[in-house]
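As the structure is a computational prediction, the values presented were derived from the model and not from experiment.
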Amino acid sequence: MKQTTILSTTLGLLMAGIASAEAIDVVGKGTVAVLNGTNLDTLSLKDKIGCLDVNGALTLKDCAEFTIVEPPEYDGLLRVMSSDAGLCTFQNVKQPQNKDSIYGRDDYAWSCYEDHPANETDEAVYTLNGLKQPFICHGNINCFYDIKTAPTKETDAVPVWPFAWGSEQFGVPPGHLQVAWLWQPVKA
């Protein structure tokens with residue numbers, strides 16, 4: 001009886017956690033502010049270090065307009081992000097890899113480009129219910145990203161990688177910054 005109660009309580013807590021991770025309605029057009037920090041509860045626009053440009057890189061001021069849509073072939077189960085340059089992804093082999101990261105050394109930088117088909121694993125973006133702001137997440141409940149440095153000049157275009165960690169590296173690589181993406185809807 002005690003084991004059954006513990007099991008049902010554990011399953012209930014797990015299901016509650018899964019339910020709170022459902023995507024909320026973040027679709028349409030917007031820009032992406034890049035915020036420097038490690039706590040989604042305390043991050044705000046005062047932590048902004050730039051925004052994503054049309055190619056998906058971090059820049060000081062060249063903020064691109066992105067579109068988040070639900071492709072009909074995925075029946076509302078997938079949302080993808082694109083810019084005027086094309087669909088955005090972490091799978092563009094022409095982008096730099098995060099060689100400083102133990103767990104992310106094979107990851108490519110985020111980029112937006114033409115002729116990239118939607119893929120339910122690498123382009124899915126969403127946000128989480130319960131957050132104070134609509135942070136853009138990807139993968140398995142990953143709402144953080146890794147950059148080597150913040151941009152310092154208007155001409156800088158800094159690569160952005162997915163945040164990867166494990167038992168040998170709990171945070172971003174030494175010298176890197178952990179950042180979050182804040183969705184800022186564009187009013188029509």
Side-chain angles (χ1 to χ4, degrees), residues 17-18 21 23 26 32-40 43 47 49-60 62-64 66-71 73-74 77-128 131 134-152 155-183:
I18 290 169
V26 177
V32 179
V34 179
L35 310 182
N36 181 21
T38 60
N39 185 336
L40 295 177
L43 281 173
D47 302 305
I49 58 172
C51 56
L52 295 183
D53 71 10
V54 70
N55 297 308
L58 170 58
T59 183
L60 278 178
D62 192 16
C63 305
F66 293 88
T67 303
I68 295 180
V69 298
E70 297 175 347
E73 63 267 27
Y74 292 108
L77 299 175
L78 170 72
R79 292 182 178 163
V80 295
M81 190 161 72
S82 63
S83 71
D84 285 344
L87 189 66
C88 304
T89 178
F90 284 116
Q91 302 301 316
N92 184 350
V93 298
K94 295 179 181 176
Q95 293 299 308
Q97 291 178 295
N98 191 357
K99 294 298 184 184
D100 296 335
S101 175
I102 293 171
Y103 295 99
R105 69 178 144 252
D106 295 327
D107 291 335
Y108 296 101
W110 182 253
S111 68
C112 307
Y113 66 106
E114 289 184 13
D115 302 324
H116 181 71
N119 175 314
E120 64 269 10
T121 57
D122 69 320
E123 284 88 25
V125 295
Y126 55 91
T127 191
L128 301 175
L131 295 178
F135 290 104
I136 297 176
C137 308
H138 68 280
N140 186 11
I141 311 181
N142 190 351
C143 302
F144 289 104
Y145 304 86
D146 177 351
I147 60 171
K148 193 164 191 160
T149 185
T152 57
T155 55
D156 288 347
V158 177
V160 181
W161 297 286
F163 172 61
W165 66 276
S167 63
E168 294 180 52
Q169 182 181 320
F170 293 114
V172 295
H176 286 223
L177 299 172
Q178 184 172 323
V179 298
W181 292 352
L182 179 63
W183 180 248

Partner residues of [X] under the side chain to side chain donor-acceptor pair (under 3.5 Å) criterion, sequence neighbours left out:
X: Gln169; answer: none
X: Thr149; answer: none
X: Asp84; answer: none
X: Thr38; answer: none

Going by the rule side-chain contact (heavy atoms from CB on, under 4.5 Å), which residues pair with [X] if we only count those two or more places apart in sequence or in a different chain?
X: Asn39; result: Asp41, Thr42
X: Pro159; result: Pro96, Ala109, Trp161
X: Phe135; result: Leu35, Leu40, Leu43, Leu131, Gln133, Ala180, Leu182
X: Ala85; result: Val54, Asn55, Ser83, Cys112

Practice problem: Drop me the distance from Leu52's CG to Thr59's OG1, to the nearest 0.5 angstrom. | Solution: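 These two atoms lie 9.5 Å from each other.
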Quiz item: Can you name the closest pair of heavy atoms from Trp183 and Phe66 and give their distance?
Solution: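 Heavy atoms only, the tightest pair is CH2-O, 3.7 Å.
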Quiz item: Within a strict 4.5 Å, meaning less than it, do heavy atoms of the Ser167 and Tyr103 side chains meet?
Solution: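 The answer is yes, as the side chains (C-beta and beyond) meet within the 4.5 Å cut-off.
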For residues 140-148, please give each side-chain donor-acceptor pair under 3.5 Å, one per line with the distance, not counting sequence neighbours.
{"residue": "Asn142", "atom": "OD1", "partner": "Phe144", "partner atom": "N", "Å": "3.1"}
{"residue": "Asn142", "atom": "ND2", "partner": "Phe163", "partner atom": "O", "Å": "2.7"}
{"residue": "Tyr145", "atom": "OH", "partner": "Ile136", "partner atom": "O", "Å": "2.8"}
{"residue": "Tyr145", "atom": "OH", "partner": "His138", "partner atom": "ND1", "Å": "3.1"}
{"residue": "Asp146", "atom": "OD1", "partner": "His176", "partner atom": "ND1", "Å": "2.6"}
{"residue": "Asp146", "atom": "OD2", "partner": "Asn98", "partner atom": "ND2", "Å": "2.7"}
{"residue": "Lys148", "atom": "NZ", "partner": "Asp100", "partner atom": "OD2", "Å": "3.1"}

Exercise. Look at the aromatic rings of Phe90 and Trp181 and report parallel, tilted or perpendicular, splitting at 30° and 60°.
Key: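 Rings of Phe90 and Trp181: parallel, under 30°.
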